[in-house]
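When a ligand or atom number is given, it counts from 1 through the structure's own listing order.
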Amino acid sequence: MKKLLLIIAAWMSVVAIGMAQTPRADYRVVPLPDAINGIKSADFSLTPQRLINYPTGNRDMERNALFLSQYIEEMTGNHLSIRPTRNSRDYADNITLLLDGKIINEESYRITVTARGVEIAGKTPAGVFQGIQVLRKSLPVGPAPMVYLPAAQIEGSPRFGYRGMHLDCVRHFFSTEAVKRYIDILALHGMNRMHWHLTDDQGWRIEIKKYPRLTEVGAWRDGTTLGHNSPVKDGIRYGGYYSQEEIRDIVQYAADRYITIIPEIDMPGHMVAAMAAYPELGCTGGPYEVWQRWGVTDDILCLGKDNTLRFIEDVLTEVAQLFPGEMIHIGGDESPRVRWEQCPLCQQRIKDLGIKAEGKQSAEALLQGALTTHVQQYLSNFGKRIIGWDELLGCEVDTTATIMSWRGAEPGAQGAQLGHDVVMTPVDPLYFDYYQTKSTWNEPLAFGGCNTLKKVYDFEPVADKLPADKRGHILGAQANVWTEYITCEPQVQYQVLPRIAALAEVLWLNPQDKNYQDFKDRLPRLTNIYRLYNWTYRAKSLTTEDEAND
Ligand code: ACM
Ligand code: ZN
């Protein structure tokens with residue numbers, strides 16, 4: 001008897017220790033859900049025996065179920081099988097993904113956890129995917145045969161529909177695998193747009209079948225300036241491009257994660273790589289070489305030649321066919337007009353179009369406006385809308401063009417007042433190629449400036465002065481990652497992580513629900529996930545020492 005009691009006691013202590021060691025999920029993730037309400041129930045125990053149910057025949061939900069299974073395995077080491085099901089009785093004791101038409105917002109989610117099961121619901125598969133990201137981030141990182149999920153109802157809804165990250169793959173080129181990992185980072189943070197900068201003076205990175213020299217010649221430069229545009233070049237041939245097949249693959253990879261890619265073909269400036277391949281596209285006829293330095297050049301597309309317009313249309317035709325999203329970014333920034341002022345063909349075009357300078361707007365500015373309007377109309381044939389940098393506001397484009405406000409927040413407010421949709425990407429604080437601290441001596445070379453984690457967190461996309469009826473024009477915000485000084489993938493990650501986490505809260509939470517200290521307290525569980533995937537991040541941004549310096 002005594003022996004039996006001893007065995008029972010020993011067994012109970014094993015169970016007790018086991019229980020004490022069983023980790024628990026914590027739903028206070030980044031970005032923070034709108035509501036986490038406890039439910040009177042025991043915890044749900046997440047074990048490998050649980051199944052992930054999804055509605056039979058729904059391919060998007062099946063993919064969602066596979067993602068959840070993959071994430072749980074990565075986080076805990078446990079493999080859960082997925083199961084198509086139509087019978088609600090199958091749901092008990094398992095995790096169930098389902099669509100619920102009563103949920104209002106397309107990307108909202110509702111997670112319900114009781115001892116009897118977990119339900120992740122959304123109006124759309126995209127909403128369910130957002131719920132899956134929350135559940136994933138709530139799990140502890142590390143092998144665990146069982147994880148307790150506290151009983152609760154968790155709900156979240158993004159404040160903005162456009163939640164973007166940009167990546168410049170021109171100044172430095174990143175492999176398709178690196179771009180996919182970047183998309184993985186976006187998905188983890190609840191982002192839904194990737195602005196892909198594909199063409200510029202330093203390289204042409206997208207295969208265009210009709211103009212093979214764009215990539216044969218334009219994708220390669222004979223060297224790269226060292227440091228901040230020093231006279232010294234490294235003399236190393238550098239380049240690369242994405243084939244159309246690779247682009248389709250990346251577009252699908254992003255779409256599977258409910259991320260729309262917005263390609264940028266910057267025009268009429270930032271086109272030297274194309275002009276190196278086809279010198280007749282420029283006013284002087286060249287020769288041009290793919291640029292080896294950074295900055296802005298006077299050499300831009302010649303709009304006096306019909307061939308240039310045909311070139312633009314042909315390129316955009318292929319681009320429109322590759323990218324199913326509604327928006328195509330046509331750049332429009334940093335286009336000096338000195339060549340146009342001197343080019344007889346451009347001046348003739350101005351005359352032929354009956355363009356006359358108006359107040360502060362030169363005839364050449366209005367010529368850029370005419371190009372933009374032409375492209376806008378051309379792309380509307382493909383069901384596309386244009387988005388461009390805020391310089392477009394100075395060119396009299398119509399309000400179907402979305403404005404990307406980069407030279408501060410003011411152009412965004414001005415664009416919204418005029419009736420344009422606007423995406424906020426002000427250099428301060430949303431240029432993630434800027435430093436993250438004032439004490440830069442121990443940081444990788446960056447553009448300059450100082451956009452700390454806190455500055456990003458405190459950013460408010462909607463200007464106070466905007467009247468109520470114009471606020472809806474602010475579609476959201478995006479951080480830009482220009483890569484003049486970012487030469488490799490770990491450096492991209494370092495510039496982005498963890499600032500993207502702060503941006504995610506800007507885009508998901510209402511301003512009154514934001515709290516920087518609380519965000520910082522939740523951040524270490526997110527950076528545990530960065531480490532799980534071997535992503536490079538700026539750990540110092542989590543310390544108070546860093547804040548004291550800034
Ligand atoms: C820009 O940074 N030139 C848009
Ligand atoms: Zn010209």
Side-chain angles (χ1 to χ4, degrees), residues 164-171 195-202 262 264-272 274-275 278-286 288 291 294-312 329-353 355 362-364 367-368 370-371 387-394 402-412 415 422-434 446-449 451 477-486 495:
M165 287 294 295
H166 154 282
L167 185 63
D168 169 9
C169 289
V170 172
R171 276 50 176 267
H195 171 174
W196 200 6
H197 189 74
L198 285 166
T199 64
D200 214 303
D201 300 318
Q202 297 83 2
I262 296 167
E264 181 182 355
I265 307 295
D266 202 346
M267 66 184 77
H270 290 288
M271 267 284 176
V272 167
M275 289 153 62
Y278 298 98
E280 63 274 20
L281 293 171
C283 290
T284 66
Y288 306 101
W291 243 28
W294 320 125
V296 176
T297 166
D298 287 343
D299 287 313
I300 69 174
L301 292 178
C302 176
L303 296 194
K305 299 175 184 167
D306 291 342
N307 271 352
T308 309
L309 291 178
R310 204 160 307 130
F311 167 81
I312 291 171
H329 201 300
I330 57 145
D333 60 324
E334 299 177 324
S335 298
R337 286 144 191 160
V338 291
R339 295 282 183 268
W340 291 357
E341 284 160 10
Q342 287 149 12
C343 171
L345 295 177
C346 284
Q347 290 303 316
Q348 187 61 44
R349 177 77 75 196
I350 286 172
K351 267 209 199 103
D352 292 348
L353 293 173
I355 293 173
S362 65
E364 287 76 19
L367 180 61
Q368 184 177 345
L371 167 73
I387 177 166
W389 300 111
D390 61 49
E391 280 91 336
L392 293 189
L393 288 174
T402 299
I403 299 297
M404 203 166 246
S405 183
W406 74 278
R407 293 175 301 175
E410 182 51 37
V422 168
V423 175
M424 299 300 295
T425 72
V427 287
D428 180 354
L430 294 186
Y431 269 37
F432 284 5
D433 55 331
Y434 283 30
F447 185 90
N451 289 334
Q478 167 181 294
N480 293 342
V481 185
W482 300 103
T483 60
E484 286 93 335
Y485 311 107
I486 301 179
Q495 294 299 119

Within ligand 1, which atoms have a heavy atom of W482 less than 4.0 Å away? 1 (C), 2 (O), 4 (C)
For the 3.5 Å polar cut-off, considering only N or O atoms, please tell me whether H270 and ligand 1 meet it. no
Note the single closest protein heavy atom to atom 1 (C) of ligand 1, along with its residue, its atom name and the distance in Å. Y431 OH, 3.4 Å
Under 4.0 Å from one or more heavy atoms of E334, ligand 1 contributes atoms 3 (N)
Keeping the roles fixed (side chain from K305, backbone from G282), state whether a donor-acceptor pair exists under 3.5 Å. yes
Check D433 with R171, please: is the shortest side-chain N to carboxylate O separation under 4.0 Å? no
W294 versus Q202, side-chain donor and acceptor atoms under 3.5 Å: no
Ring center gap for H166 and W196 short of 6.0 angstrom: no
I'd like to know if the side chain of S335 reaches the main chain of D333, judged simply by a donor and an acceptor atom lying under 3.5 Å from each other, with no hydrogens or angles considered. yes
Decide if atom CZ of F447 counts as having more than 12 heavy atoms of other residues, nucleotides or ligands within a radius under 6.0 Å. no
Can E264 and H197 be counted as having a side-chain donor-acceptor contact under 3.5 angstrom? yes
For the Zn ion (ligand 2), state how many protein N, O or S atoms fall inside a distance shorter than 2.8 Å. 4
Tell me the contacting part of M404 for ligand 1: side chain, backbone, both, or neither, using a 4.0 Å heavy-atom threshold, strictly below. neither
Check against side-chain hydrogen bond (donor to acceptor under 3.5 Å, both in side chains), W406 and E391: CA-CA 9 Å; W406 74 278; E391 280 91 336; 2.9 Å; yes
My understanding is that only one of Q342, E364, Q368 makes a side-chain hydrogen bond (donor to acceptor under 3.5 Å, both in side chains) with R337; could you say which? Q368
So for ligand 1, is D333 a polar contact partner (N or O within less than 3.5 Å, distance only)? yes
